Every structure is written in C-alpha cells, then in structure tokens.
Amino acid sequence: MSVDPEADAGPNAPFHQRGSNGAAVLILHGFTAGPAGLLPWARSLADAGYTVDLPLLPGHGTSWQELSGMKYTEILAAAQQRYAALAATHRRVFVAGLSMGGALALNLAATHQVAGLALVNPGLSIASPLAPFTGVLRHLLPSVPGIANDMAKPGGDEHAYARTPVAGVHQLRKLFAETITLLPRITAPVLVFRSDTDHVVPESSMRTLRRGLSEHVHLEVNRLTRSYHVATLDYEAESIFARTISFFQEVQQQRP
C-alpha cells in the first residue's frame, strides 16, 4: 500500500493505493465534505485490484471560510490534474463521485476519455429557492447552517463543515451550470445510485441528468430505499460498493 504523501492524520486525509488490475479509479467527494465519507468505497475498489485516488479537493478539510474564497474552476482543475496523473500511467480510468463529486465526474467525462462513471446522488441542481440569489446574498450572509451527515443510519460522520459558505454555493451553481451544458458530450457508460429520500440534492438533478445525456449513452440507475444523501456511509453502502465493482468489470470486458 502506498499512502499519499499529502495526507495528514486527520479524518479527511487523502487516500491513494496502487492496484494490480491495470485500471484506476478517481473518487471525488462532495461540497464542504472530504474523503472521509467515501473512504469505505475507495477501500473496496482498492481491495478489488484497482489503483484508487481519493484526493482532498481545494477549499475542503480546513474551514468554510477558505472554501468561501475558492472558485469552482480551482476545484475542477484539481480534479482534472488528478485524472491526468492516473491517465498517464493507466490505460483505463474510471471516475466516481458523490454529490458535487458527481458533477465533477460528469464534467470530466465530457472533456476526457473516462472509461465509465459511478455516481451517488450526483448534484446538478440546488433545492433552496434562495439559490438563484446567492450572487447577492454572499455579500450579506457569509454562511448558513451546514448540510453534513444526511444519513438514515445512525453513527456515521462524513466530517463536513458545520457551516456552508454562501459564496461557495454560488460557485457550486456555476459548476452545475457548466456541467449541464457538457452532458451531451458524454459517451462513457454511467452508473447512478439515487436515494429516494435525499435532504441535500433534489430529484430535479436526476431529471436534468436524464435529459442531458445522449440517448446512446448507457445509463443504469439504482434506487436506494433505505439511504439518504451520504449513501456511501448508509444502510446500502455495501450494495453500492459491490455493484460499482461489477459495473466497472463489465465495462472492462465489453471495452477491452
């Protein structure tokens, strides 16, 4: 096992492990959160033989104030750099993501040769009626209560910020808007896990994804009936991990 030298001892330390099957997976976390909520998913893929990279994205793992000053293009650029590093040493690179990480994964798939996508409650829209006004509100209201730990299963902790920066939400909306325009460019097969009850990402995100993808793109949607937003730490986590591995294996067999 090779641990990322950037890692610290905190719960949101990045995770990197070299695999043996020749393929790699980049895993991208959600807004205000970090690697902690996706670590079991990353470990399951590493155990299956994949090279796995789960980075801590810019503006995360420190303070909501730092995220408040971060542009979405900086976060996207970091994801692009991690993908490029994996693509330089692996012929096939998959991308997985939760929430904002799902939007980043879709953006990457539209602009790079991604082998396939596995998304958990991907975000492409924001439920709050105040979301369209964040450009103004960010000057009046620096932060709002956090959106962490939306799980049905008790005891989980994704170690996200207790406050959500409004300026960051404004940047998140920009990421979503850009990604939606790029959806028709995606050709990679897409696997989605969507919770019936999600208090963070609205169902409109799923409708937007369906409308945006080309009809020729393979899209598999698995509904989660017992898990909330952070489904990778919830009751159906193990089924997410197992289906992700089998889906990636199927793609590898179909596209040698």
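Keep in mind that what you see is a predicted model, and the values were worked out from it rather than measured. Position 1 is the first residue of the sequence, and the numbers go up from there. Both backbone and side-chain heavy atoms feed into the values below; hydrogens, waters and symmetry mates do not.
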> Would L39 and F94 show up in the same hydrophobic cluster when neighbours are defined by side-chain heavy atoms closer than 4.5 Å?
Replying inline: yes
>> Between the side chains of E250 and R243, is the shortest nitrogen-to-carboxylate-oxygen separation below 4.0 Å, so that they form an ion pair?
In response: yes
>> Would you say that more than 12 heavy atoms from the other residues, nucleotides or ligands in this model lie under 6.0 Å from the CZ of R185, or not?
In response: no
> Can S204 and S125 be counted as having a side-chain donor-acceptor contact under 3.5 angstrom?
Replying inline: yes
>> Distance check, rounded to the nearest 0.5 Å: Y228 atom OH versus D198 atom CG?
In response: 10.5 Å
> Taking everything shown except E220 itself, do over 12 heavy atoms lie less than 6.0 Å from its CD?
Replying inline: yes
>> Could you walk me through whether L38 and W41 satisfy the side-chain contact (heavy atoms from CB on, under 4.5 Å) test, starting with their C-alpha distance in whole Å, then the side-chain angles of each, then the deciding distance to 0.1 Å, before giving a yes or no?
In response: CA-CA 5 Å; L38 302 182; W41 198 12; 3.9 Å; yes
> For the residue pair A160 and A33, what are the closest heavy atoms and their distance?
Replying inline: CB-CA, 3.7 Å
>> Checking N222 against R194: is there a side-chain donor and acceptor pair closer than 3.5 Å?
In response: no
>> Please tell me whether T164 and T32 have a donor and an acceptor in their side chains that are separated by less than 3.5 angstrom.
In response: no
>> Do L191 and L119 make a side-chain contact, defined as non-hydrogen atoms from C-beta onward lying under 4.5 Å apart?
In response: no
>> One pair to check against side-chain contact (heavy atoms from CB on, under 4.5 Å): F248 and V25. What are the steps and the verdict?
In response: CA-CA 10 Å; F248 287 172; V25 184; 3.8 Å; yes
>> Checking R210 against V221 for the side-chain contact (heavy atoms from CB on, under 4.5 Å) test, could you report, in this order, the C-alpha distance in whole Å, the side-chain angles of both residues, the deciding distance, and whether it holds?
In response: CA-CA 10 Å; R210 288 184 183 277; V221 179; 3.6 Å; yes
>> Within this structure, what is the CD-CD1 distance for the pair Q80 and I75, rounded to the nearest 0.5 Å?
In response: 12.0 Å
>> Using the rule that Ile, Leu, Val, Met, Phe, Trp and Tyr join whenever any side-chain heavy atoms are under 4.5 Å apart, tell me whether V120 and L209 fall into a single cluster.
In response: no
> Do the non-hydrogen side-chain atoms of V200 and V230 ever get within less than 4.5 Å of each other?
Replying inline: no
> Does anything in residues 58-80 pair up under salt bridge (charged side-chain N to carboxylate O under 4.0 Å, His left out), and if so which pairs, sequence neighbours excluded?
Replying inline: none
> Hey, does S143 have a side-chain heavy atom less than 4.5 Å from the side chain of Y161?
Replying inline: no
>> Closer than 4.0 angstrom, basic N to acidic O: yes or no for D234 and K153?
In response: no
> Are R43 and F15 side-chain neighbours, meaning at least one heavy-atom pair lies under 4.5 Å?
Replying inline: yes
>> Show, in sequence, the C-alpha distance, side-chain angles and deciding distance for V114 and T187, and conclude whether the side-chain contact (heavy atoms from CB on, under 4.5 Å) test is met.
In response: CA-CA 9 Å; V114 171; T187 58; over 6 Å; no
> If you look at every heavy atom in G22 and H90, which pair is closest and at what distance?
Replying inline: O-CD2, 3.7 Å
>> Taking the side chain as everything from C-beta on, heavy atoms only, tell me whether L67 gets closer than 4.5 Å to H60.
In response: yes
>> Could you tell me if the side chain of I186 sits less than 4.5 Å from the side chain of S214, heavy atoms only?
In response: no
> Who pairs with D157 by salt bridge (charged side-chain N to carboxylate O under 4.0 Å, His left out), at least two apart in sequence or on another chain?
Replying inline: none
>> When you compare the side chain of S205 with that of N121, does any pair of heavy atoms fall below 4.5 Å?
In response: no
> Has the side chain of T51 got a donor or acceptor atom that lies under 3.5 Å from a matching backbone atom of R18?
Replying inline: no
> Is the side chain of S239 donor-acceptor paired with the backbone N or O of E236 at a distance under 3.5 Å, no angle test?
Replying inline: yes
> In terms of ring plane angle, is the pair Y83 and H112 parallel, tilted or perpendicular, where the classes change at 30° and 60°?
Replying inline: perpendicular
Side-chain donor/acceptor pairs under 3.5 Å, residues 98-110, sequence neighbours excluded:
from : atom 1 : to   : atom 2 : distance (Å)
S99  : OG     : H229 : NE2    : 3.0
N107 : ND2    : E178 : OE2    : 3.1
N107 : ND2    : T179 : OG1    : 3.1

>> Counting C-beta onward and ignoring hydrogens, is there a side-chain heavy-atom pair between M70 and Q171 closer than 4.5 Å?
In response: no
> Between S68 and A167, is there a donor-acceptor pair closer than 3.5 Å when you use the side chain of the first and the backbone of the second?
Replying inline: no
> Which atom names give the shortest non-hydrogen contact between V190 and L213, and what distance separates them?
Replying inline: CG2-CD1, 4.4 Å
>> Would H159 and N12 count as a side chain to side chain donor-acceptor pair (under 3.5 Å) here? Give the steps.
In response: CA-CA 7 Å; H159 294 278; N12 274 321; 5.7 Å; no
